[in-house]
Amino acid sequence: MQRGAAQNDAPMNDDLPLGRRTAQPRHYDPSALRTIERRTARHEMGIGESLPFSGEDVWNAYELSWLAPGGLPRIGVLTLHVPAESPRIVESKSFKLYLGGFNRTTFESARAVCALIETDLSRETGSAVRAVIRDAGNGPPFSDFTTFCLDTLSIPVKCYERTPDLLTTLGGTGRDAVHTHLFRTVCPVTGQPDWGSVAIAYDGRLLDRASVLRYLVSYRETADFHEVATERIFVDLQAATGAMALTVDARFLRRGGIDINPFRSTSHTEAPNIRLPRQ
């Protein structure tokens, strides 16, 4: 049965395929998609209907294939832009299963595939999702963060569960921009590690950079989905800095051929779709 928006009232569907043995759809099947409500985690963070940020989740899927008329397989790199204000996110394993159904389905063109994916994902998330399909050799460009790398700091670390109290201020105000490649969380369903890199930029009470690194490393054993972890970082940093200008750009490594990159900012800047060297 197709799962539409009206059926997604629970914070997390009890039939998520994540962590379960599941059959791969043999043909295009939108009923494979499952969703998770954003509001539950946001309510726990103190975020109401009025979001303190704008942004989007950028998904890059490297295992997209379909059949051209005549049966010849086609491949492409799919990029999704899911607005942060969407009421729901799509569970990643269900999305991989959904994409797998395209493997034996015939489409006239990549444009037709893209339009169908946009329609299905917009319906399931409750917001307008933008999809782009590029040639396999023309995916997101390789780049890297250009800000100060916290990983060069040599500091003792003892805490591996999210601890906002680790953030300490220096007593003044100003701007800073830093990043780390040491970020890790664990999947709240399977317990498997999710590796990533996080860049932050803010204008507010200046934070001790060592404390920022300790704080980000404290997520190492924290169970959160990518989008939730990124929003927690935003909320914690905003509370610590009082920043009127704040951006958190999180870029996670691929799982199942898909990388997910949540971007949250006080500005309405479009998320940069780059591919870090580790991705």
Side-chain angles (χ1 to χ4, degrees), residues 38-39 41-58 81 83-85 143-185 195-222 224-252 260-274 276:
R38 292 191 193 266
R39 64 185 175 185
R42 287 176 174 175
H43 177 75
E44 188 271 330
M45 285 183 260
I47 298 176
E49 294 298 320
S50 179
L51 300 180
F53 47 69
S54 63
E56 59 183 1
D57 305 323
V58 180
H81 297 264
E85 63 267 21
S143 188
D144 204 349
F145 297 134
T146 58
T147 54
F148 177 80
C149 184
L150 295 170
D151 306 346
T152 62
L153 302 177
S154 180
I155 60 171
V157 175
K158 298 179 179 179
C159 184
Y160 301 111
E161 289 282 354
R162 171 181 166 263
T163 307
D165 289 345
L166 290 171
L167 293 167
T168 59
T169 58
L170 295 174
T173 60
R175 299 178 181 178
D176 202 10
V178 298
H179 70 271
T180 181
H181 297 297
L182 303 181
F183 194 73
R184 194 192 92 151
T185 56
W195 302 93
S197 300
V198 176
I200 64 173
Y202 67 93
D203 187 350
R205 291 187 292 271
L206 286 172
L207 296 170
D208 174 53
R209 285 177 168 177
S211 79
V212 176
L213 181 57
R214 288 192 183 94
Y215 163 72
L216 292 174
V217 169
S218 77
Y219 278 79
R220 193 171 181 86
E221 299 297 335
T222 299
D224 266 334
F225 292 114
H226 301 344
E227 300 87 346
V228 174
T230 303
E231 293 181 3
R232 288 195 200 282
I233 294 170
F234 186 99
V235 169
D236 290 343
L237 289 174
Q238 194 169 56
T241 65
M244 296 298 293
L246 172 62
T247 295
V248 179
D249 185 2
R251 314 197 66 81
F252 286 86
I260 301 175
N261 308 282
F263 179 86
R264 301 292 184 269
S265 181
T266 52
S267 71
H268 293 278
T269 305
E270 184 174 300
N273 188 25
I274 61 173
L276 297 181

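What you see below is based on every heavy atom in this structure, not just the backbone, and it leaves out hydrogens, waters and symmetry mates. Note that the structure is a prediction, hence the values are computed from the model and not measured. In this chain, residues are counted from 1 in sequence order.
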| query | Which class fits the ring pair F145 and H179: parallel under 30°, tilted 30 to 60°, perpendicular over 60°? | reply | tilted
| note | In short, E85 meets G55 closest at the heavy-atom pair OE1-O, 4.3 Å
| task | Check the pair V212 / I200 against side chain to side chain contact (heavy atoms under 4.5 Å, CB included), numbers first and verdict last. | result | CA-CA 10 Å; V212 176; I200 64 173; 3.7 Å; yes
| remark: Those residues at least two apart in sequence (or on a different chain) that pass salt bridge (charged side-chain N to carboxylate O under 4.0 Å, His left out) with E44 are R232
| query | Is the CD atom of E49 crowded by more than 12 outside heavy atoms at less than 6.0 Å? | reply | no
| task | Applying side chain to side chain contact (heavy atoms under 4.5 Å, CB included), run through E56 and E270 and close with a yes or a no. | result | CA-CA 8 Å; E56 59 183 1; E270 184 174 300; 3.7 Å; yes
| field | CG-CZ distance between L216 and F183, expressed to the nearest 0.5 angstrom | value | 6.5 Å
| field | E221 versus R184, closest heavy-atom pair with distance | value | OE2-NH2, 2.8 Å
| message | For a side chain to side chain contact (heavy atoms under 4.5 Å, CB included) check, start with the C-alpha distance between N273 and R251, then their side-chain angles and the critical distance, and finish with the verdict. | response | CA-CA 10 Å; N273 188 25; R251 314 197 66 81; 3.9 Å; yes
| Could you give the distance from CG (D249) to CD1 (I274), rounded to the nearest 0.5 Å? | 6.5 Å
| message | If you apply the rule side chain to side chain contact (heavy atoms under 4.5 Å, CB included), what do you find for V198 with Y219, and how did you get there? | response | CA-CA 12 Å; V198 176; Y219 278 79; over 6 Å; no
| said: Could you check whether any side-chain heavy atom of F148 comes within less than 4.5 Å of a side-chain heavy atom of D176, counting everything from C-beta outward? | reply: no
| note | Between I155 and A210 the two heavy atoms that sit nearest each other are CD1-O, 3.6 Å
| message | Return the CG to NE2 distance between N261 and H226, rounded to the nearest 0.5 Å. | response | 8.5 Å
| task | Find out whether T266 and Y202 are in side-chain contact, i.e. whether some heavy atom of one side chain is under 4.5 Å from a heavy atom of the other. | result | no
Less than 3.5 Å apart, which donor and acceptor atoms pair up between the side chains of residues 233-244 and the rest of the protein, not counting sequence neighbours?
residue : atom : partner : partner atom : Å
D236    : OD1  : R162    : NH2          : 3.0
D236    : OD2  : R162    : NE           : 3.0
D236    : OD2  : R162    : NH2          : 3.1
D236    : OD2  : Y215    : OH           : 2.7
T241    : OG1  : L237    : O            : 2.7
T241    : OG1  : A243    : N            : 3.1

| query | So, do P156 and R214 sit near enough that their side-chain heavy atoms are less than 4.5 Å apart? | reply | yes
| query | Are the side chains of L51 and R42 in touch, meaning some heavy atoms are under 4.5 Å apart? | reply | yes
| task | Report yes if some heavy atom in the side chain of L213 is under 4.5 Å from a heavy atom in the side chain of D151; otherwise report no. | result | yes
| field | Nearest non-hydrogen partners of T269 and F263, listed with the distance | value | O-CE2, 3.4 Å
| message | For S54 versus S267, what's the shortest heavy-atom pair and its separation? | response | OG-O, 2.5 Å
| Does I260 reach the side chain of F225, with side-chain heavy atoms less than 4.5 Å apart? | no
| remark: The reported gap from CG in L170 to OG1 in T168 (rounded to nearest 0.5 angstrom) is 6.5 Å
| Check ion pair D57-R264 (N to O, under 4.0 angstrom) | yes
| request: Could you tell me the separation between the OG atom of S211 and the CG atom of D165, rounded to the nearest 0.5 Å? | output: 11.0 Å
| query | Out of curiosity, M45 CE to E231 CD, how far, rounded to the nearest 0.5 Å? | reply | 5.0 Å
| task | Indicate the atoms forming the closest heavy-atom contact of E161 with T222, along with that distance. | result | OE1-OG1, 3.6 Å
